[in-house]
Amino acid sequence: MNNTQIYTIKEINKYIKMRIDQDSVLSDVWLRGEISNFTHHSSGHMYFTLKDKDSRIKCVMFASQNARLKFIPREGTKVLARGAISVFERDGAYQFYAHAMEPDGLGSLYLAYEQLKAKLEEEGLFAASRKRALPLFPRTVGVITSPTGAAVRDVITTLQRRYPIANILLAPVQVQGELAAPSIVKAINYMNDIKQCDVLIVGRGGGSLEELWAFNEEAVVRAIAASQIPIISAVGHETDFTLSDFVADIRAATPTAAAELAVPHLQDIKAKLKYNQDTLTRSIQYKVSHTRQKLNNLMQSPSLIEPKRIVHKYAERIDYLQMALKSHLKGKVNKDKGTLSALDHKLARIHPEHLIKLNYNHVKRMQEQLTVSMKKQLTKQSYTFVALTKQLDALSPLKVMSRGYGLVYDESKTLVKSIKQVEVGTVLQLNVTDGKIDCEVKAIKEE
Amino acid sequence: MSNQDQISFEQALERLEEVVAKLERGDVPLEEAINLYQEGMQLSQLCNGKLKQVEAKIEMLIDTDQGITAVPFAPQANEKGE
């Protein structure tokens, strides 16, 4: 008893929990069962029991996980649940902690889907790097779907509407049921063998998960992955993706959308062609007219119109230079001539002949002047003489005496003009025209 | 021209756009420009020609005793369902 270890309840529960949590099977299990004692707590967590005809287990699904449920669990719902077994220490009770849950039936498909998806993803089949670009202008579009129904009609209608020049090769397949997957695989392989199509559309119209199931089957997914021809998946389902969608080069939500992806719109191409053609024409027209303009401009350049002008230019220049030369020379000669004649003049001016002539003229002029003035003088003297002679004649005392006047002189022969010159008794001589009379003064009388 | 007949529509259109872009830049010599223009017009006619081949076939593959063959196919007009 001494070596017997005694545990507390808490300790032993903790130990059990530890052992269970370490178990690799219990940490991830799938359970199939029917829901009972279902409670959706106000906290959001779900508490219920899963049971089958033999046994039962307590279950918890926390709010964060049950928010992702795609169905509403109810009393009696058969479900497939994935989760882990662990221990609730306080109650010493083990329970199932559900992480994911599907209604059973679909549930098994869902499980297969998830497992296959994980496996293929790991293989790298869904990698973006595997996706191929679609051809821009496919000549033949391969369609792998049911020959009846809306899907094939939608695809063909859309292809023809958008791009009526593409051939369409339909590989009729079953799109649901047991034979669907093998027929789809066979069609994909056949299309790859005949190599007539540039792009493949693989799909069907919308349906339930079970109806779409063929497109989740591994053989189909692998056939799509192996296809040399680019594949558009067209499984009509807006929200759920099939594995075919993941592996295809591109996924379309509907067959119509797939057809739109497969081919361009002819009108767009025609518009593009028209644009290119117009641009082509416009460009060349511009180029030609531009070049022509350039040529015209060149042809109108003076040297082309009148090549002589090049020569003319030089000729003009030569003429000009010649003229300049001439005028320069002439100027020089003229200048020298001028200098010479100036010197000539100067020389002439100082020549003695001129001076002699000048002086001769002067002398001659003086001679003439002398003669003239002499003559003038003589004439003038002559007149004066005549006048004086006349005057003299008039004044002659003889003339006066002839009229009875006589001249009285004293003894000293002085002309007596006053009584004062004489006294009584003075002897005087009286001269008359024809002789002298001696006289004596007898009386003096003053008057 | 024989090599032009064999080029795909895609190649023709691509080359046409190349030619147009080159010509539109305007820096090519005149003779080359004229050659480009001629090539462009030929490509354009080629493309248009290819677009006019509206006799596209719609065929369905069927299994026969001789193997798989293609036969003309016309989808039923008003069938409802998937």
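On a predicted model such as this, the values are computed, not experimentally measured, just so you know.
Other residues, nucleotides and ligands contribute over 12 non-hydrogen atoms within 6.0 Å of the CZ atom of A:R132. Other residues, nucleotides and ligands place more than 12 heavy atoms under 6.0 Å from the NZ atom of A:K131. Taking a 6.0 Å sphere around CD of B:E14, one finds it holds 12 or fewer heavy atoms contributed by other residues, nucleotides or ligands. The environment of CD in A:Q228 is sparse: at most 12 heavy-atom neighbours from other residues, nucleotides or ligands sit within 6.0 Å.
At a 4.5 Å heavy-atom cutoff, A:E211 makes no contact with chain B through either its backbone or its side chain. Only the side chain of A:K186 comes within contact range of chain B, judged by heavy atoms closer than 4.5 Å. Contacts of A:Y190 with chain B are made by side-chain atoms alone, with heavy-atom separations under 4.5 Å and no backbone atom involved. The parts of B:I34 that come within reach of chain A are both its backbone and its side chain, each placing non-hydrogen atoms under 4.5 angstrom from that chain. If you measure heavy-atom distances from B:P72 to chain A, you find no contacts under 4.5 Å at all.
Contact check for A:L280 versus B:M41: side-chain heavy atoms found under the 4.5 Å cut-off. A:L169 places none of its side-chain heavy atoms less than 4.5 Å from the side chain of B:K57. Residues A:L170 and B:I58 form no side-chain contact, since every pair of their non-hydrogen atoms from C-beta on lies 4.5 Å or further apart. Side-chain contact between B:K22 and A:S283: absent, with no pair of heavy atoms (C-beta onward) separated by less than 4.5 Å. The side-chain heavy atoms of A:P147 and B:F73, taken from C-beta on, include a pair separated by under 4.5 Å.
For B:S44, the side chain to side chain donor-acceptor pair (under 3.5 Å) test picks out A:Q277, with sequence neighbours left out.
In this structure, CD on B:Q11 lies 11.5 Å from CZ on A:F137, to the nearest 0.5 angstrom. Interatomic distance, CD of B:E24 versus CG of A:N276, reported as 9.0 Å (0.5 Å rounding). The line from SG of B:C47 to NZ of A:K272 is 10.0 Å long, rounded to the nearest 0.5 Å. The line from CD of A:Q285 to OH of B:Y37 is 7.0 Å long, rounded to the nearest 0.5 Å.
Remark: side-chain polar atoms of A:K287 are paired, donor with acceptor, to backbone N or O of B:V28 under 3.5 angstrom.
Contact tally against chain A (heavy-atom pairs below 4.5 Å) for B:V19, B:L36, B:D63, B:L30: the top residue is B:L30. By number of non-hydrogen pairs under 4.5 angstrom with chain A, the leading residue of B:G40, B:A70, B:A21 is B:G40. For chain B, the option among A:V288, A:T157, A:T281 with the highest count of heavy-atom pairs below 4.5 Å is A:T281.
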